[in-house]
Amino acid sequence: MSEDKKTFYITTPIYYPSDNLHIGHTYCTVMADAMARFKRLEGYDVRFLTGTDEHGQKIQEKAKDKGVTPQAYVDEIVDGIKKLWATMEISYDDFIRTTEPRHMKRVQDIFMRMYNKGDIYKGAYEGWYCTPCESFWTDTQAGENHVCPDCGRPVQKAHEEAYFFKLSKYADKLRELLKGGEFLQPETRVNEMIGFIDQGLEDLCISRSSFDWGIPVPIDEKHVMYVWLDALSNYMTALGYPEVDDGISSENYKKYWPADYHLVGKEIVRFHSIIWPAMLMSIEEPLPKHVLGHGWLLIDGGKMSKSKGNVVDPVVLIDRYGVDALKYFLLREYTFGQDGAFTNEVMLNRMNFDLANDLGNLVSRTVSMIEKYCGGVVPAAGADEGPDAELKEMAVTCYERVSKHMDKFAFNLALEEIWAVIRRTNKYIDETAPWVLAKDEALKGRLDTVMHNLAEALRIVSVLIYPFMHHTSAEIRKQIGAEGDVNWEDAKLFDKMVGATVKKGEAIFPRLDIAKELEELEALKAAPVKPVCTKELIEFDDFEKIDLKTGTIIKAEKHPKADKLLVFQVDFGGEQRQIISGVAGSFKPEECIGQKVVAVVNLKPRMLRGLESNGMLLYACGEDHSYKFVETKADNGIEVG
RNA sequence: CGCGGGGUGGAGCAGCUGGUAGCUUACCGGGCUCAUAACCCGGACGUCGUAGGUCCGAAUCCUACCCCCGCAACCA
């Protein structure tokens, strides 16, 4: 029997353990977990994979800064990630780490398959090199000013020998794949990807020799593989593909590949819908059925980032509100594929209104009444009356609506349907007014029917919410006395509870004092103490070389050919200069006029998009690129030192 | 003309394979007392960014424009 079960293979991205995970990673993993649990409940043979992508320059550097080996560095962070998933009871079947031998050997094998196919060639990769840091940077990383993102010093254009994958060769097939309409969702991403292909695919650089924390290229020991092959192939290597001589069977590959769904963030949709299928085309293996790009959780209207200090730590929220409340909120509040605003207030509102008021309170009042009116035992029902039929109908058909939404990963709508049943049940209590029935012995039969229906409705709810909140499901079942394991088929029935013994327990979701919680959450996120000095020490002579002078901006305008640049004319009391700054995001030109400033005036002149900049204005610069002028009260042209 | 997303009652969102706008919350009024000051009912509040167009009919399709926000080869 179980041999014939339909399989369902779902993956999350493998996360990059350069820092601890935040709520965004949790969001993605929670969705995958809910889907995996749902499919298991529906009877599928589910394989759920998550893991970590542990190689690369950034991790090598972080480890170096910390004075540990890269392996030791990632081990510690991965340990934290696994603990987080354990706390949240993420039901993954396998956790793959790209530093594991089972993965590395297989990636090398995949490389060789592509190489032997003639899809990999040696070429030169062009980029920017920072000699003091010995780091290689891409065009984007070096930015318009061509400086090292790390130390801020100028970088030189440089060539690095590297291996390339003939991505361009697959452009037509990829376009066809995307136009098929089934592969990539949501659909809005499809046009984006086709547009990207249409502007011309370049071959992909897949190796690096400027760092060595990676999987060695099998045919050239000077190189390690760049993220593409290394990370993307995890989805197969974890299943034991390809067969290599290490005793791990590829049975799982035969069974579960191709993947049903790769769940990914919108920023890596491109890699999963272009590079990944191209790789698979090269090694002639089946393509995943679907790539799903989910949206981001935005904080204060912007992306969460460490430098802004607005990273939301899931551990804090779990400690305070519990795993289920957090999962419910994440799944209920946001629409798959779209960005959503995360605020503590939105979260606490959901927890209070939906969980405490609607569900928690319903459980509480139901169990209390059955104890009070029926001696704690769920009675048999009499004939339907009044709203009985409507309640039953809504409850026993809810699974259909939930399934329909889950097929589209519309977790929010699935939960909304379940909550419609919960609300209907609350309403049912009002309509039937059991406390009135209880006063008249002649109405005992009717009272029993109502109590029975309430217990059944709650039992169905306990089944339906299982994939999303299995603890809550269990707690409800305990309180209403539902026996046995959760079974999807039971969501279709309305007569399982007669004779069950209810037992009032703690409130499953205590009501929160939102104002107080908001205050405490705010206090918790008190900014971590940052060291004042973040750069290497310099000699006094080095400092002496910098010529700082005061001045006043007398003219300001946008750079005609650049979005981020403002062109200032600055008066230094005698001499007037043109200085360009990348601060268009922080100021409007007109509001800068008359601004007193401090400038470095012995910086070598530099052309910026066709206009010369003669010096540099000083700003207090937030890491999120919000600038504030360093002001002075001195007259123009005064030496600063 | 770089690419993309979005602009819907006070707030946050859904609707967008076209047929006179829906959900949660807040607000006002009422009901109930089994329950976690919860629950239930009713009400007010929107010319669906702007201007055109297609159509018997558009928030939903087309065109132009305005305003926010991301991305521009690796931060879910």
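All values below come from the heavy atoms of this structure, side chains included, with hydrogens, waters and symmetry mates left out. Chain A is the first sequence line, chain B the second, and so forth, proteins listed ahead of strands; every chain is numbered from 1.
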Quote, to the nearest angstrom, the [atom1] distance that separates [N] from [M].
N: B:rU24; M: B:rG15; atom1: P; result: 16 Å
N: B:rC45; M: B:rA21; atom1: C1'; result: 14 Å
N: B:rA26; M: B:rC65; atom1: P; result: 42 Å
N: B:rU20; M: B:rU47; atom1: C1'; result: 12 Å
N: B:rC48; M: B:rA35; atom1: C1'; result: 39 Å
N: B:rA11; M: B:rG52; atom1: P; result: 26 Å
N: B:rU33; M: B:rG9; atom1: P; result: 39 Å
N: B:rA64; M: B:rG4; atom1: P; result: 13 Å

Can a side chain N or O of [X] be found less than 4.0 Å away from OP1 or OP2 on [N]?
X: A:N412; N: B:rC13; value: no
X: A:R511; N: B:rA38; value: yes
X: A:K427; N: B:rC41; value: yes

Whole-Å distance separating the [atom1] atom of [X] from the [atom2] atom of [N]:
X: A:Y428; N: B:rC34; atom1: OH; atom2: C1'; result: 14 Å
X: A:I268; N: B:rG70; atom1: CD1; atom2: P; result: 20 Å
X: A:L348; N: B:rG12; atom1: CG; atom2: P; result: 17 Å
X: A:M451; N: B:rA35; atom1: CE; atom2: P; result: 12 Å
X: A:I274; N: B:rC71; atom1: CD1; atom2: C1'; result: 14 Å
X: A:E431; N: B:rG42; atom1: CD; atom2: P; result: 11 Å
X: A:I429; N: B:rU33; atom1: CD1; atom2: C1'; result: 12 Å
X: A:M347; N: B:rC13; atom1: CE; atom2: P; result: 17 Å

[Y] ring center within less than 6.0 Å of [X] ring center:
X: A:F353; Y: A:W419; answer: no
X: A:F411; Y: A:H294; answer: no
X: A:F342; Y: A:F329; answer: yes

Searching all strands shown, indicate the nucleotide that pairs with [N] (Watson-Crick or G-U wobble; both distances under 3.5 Å).
N: B:rA59; result: none
N: B:rC65; result: B:rG49
N: B:rG70; result: B:rC3

Hey, are A:R511 and A:N361 close enough side-chain-wise for a donor-acceptor pair under 3.5 Å?
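Per modelled atom types, A:N361 and A:R511 side chains form no pair under 3.5 Å.
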Tell me yes or no: between the side chains of A:E54 and A:T52, is some donor less than 3.5 Å from an acceptor?
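Yes, a side-chain donor-acceptor pair sits under 3.5 Å.
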Could you tell me whether the side chain of A:N361 has a donor or acceptor atom within less than 3.5 Å of a complementary atom in the base of B:rA38?
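Side chain to base: no pair present.
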Minimum-distance nucleotide (side-chain atoms of [X] versus [options]):
X: A:E333; options: B:rG12, B:rC40, B:rC34; result: B:rG12
X: A:L204; options: B:rC34, B:rC39, B:rA73; result: B:rA73
X: A:K372; options: B:rA35, B:rC75, B:rC41; result: B:rA35

One thing to verify: whether A:K504 and A:E371 come together as a salt bridge, which I'm taking to mean a side-chain N less than 4.0 angstrom from a carboxylate O.
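A:K504 and A:E371: not salt-bridged.
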May I ask you to say whether A:D388 pairs ionically with A:R446, meaning some side-chain N is under 4.0 Å from a carboxylate O?
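Salt bridge present between A:D388 and A:R446.
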Under 4.0 Å, heavy atoms only, any strand: does [X] hit a base, just the sugar-phosphate, or nothing?
X: A:Y15; result: sugar-phosphate
X: A:P434; result: nothing
X: A:Y27; result: nothing
X: A:S364; result: base
X: A:T335; result: sugar-phosphate
X: A:I508; result: base
X: A:V227; result: base

Which is more 5' along RNA chain B, the nucleotide nearest A:I422 or the one nearest A:P13? Just name the residue.
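Result of the comparison: A:I422.
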If you find the nucleotide of RNA chain B closest to A:K58 and the one closest to A:E506, which residue's nucleotide is nearer the 5' end?
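Result of the comparison: A:E506.
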Report each atom pair, protein N/O against N/O of nucleotides 21-32 of chain B, whose distance is under 3.5 angstrom.
residue, atom, partner, partner atom, Å
B:rG31, N2, A:D430, OD2, 3.1

Mind checking whether A:I418 and A:F468 have side chains closer than 4.5 Å, heavy atoms only?
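Heavy-atom side-chain distance check passes, below 4.5 Å.
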If you measure from CZ on A:F336 to CE on A:M31, what distance do you get to the nearest 0.5 Å?
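Reported value, rounded in 0.5 Å steps: 5.0 Å.
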Under a 3.5 Å distance rule, please check whether A:D203 uses its side chain to pair with a backbone N or O of A:L167 as donor and acceptor.
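Yes.
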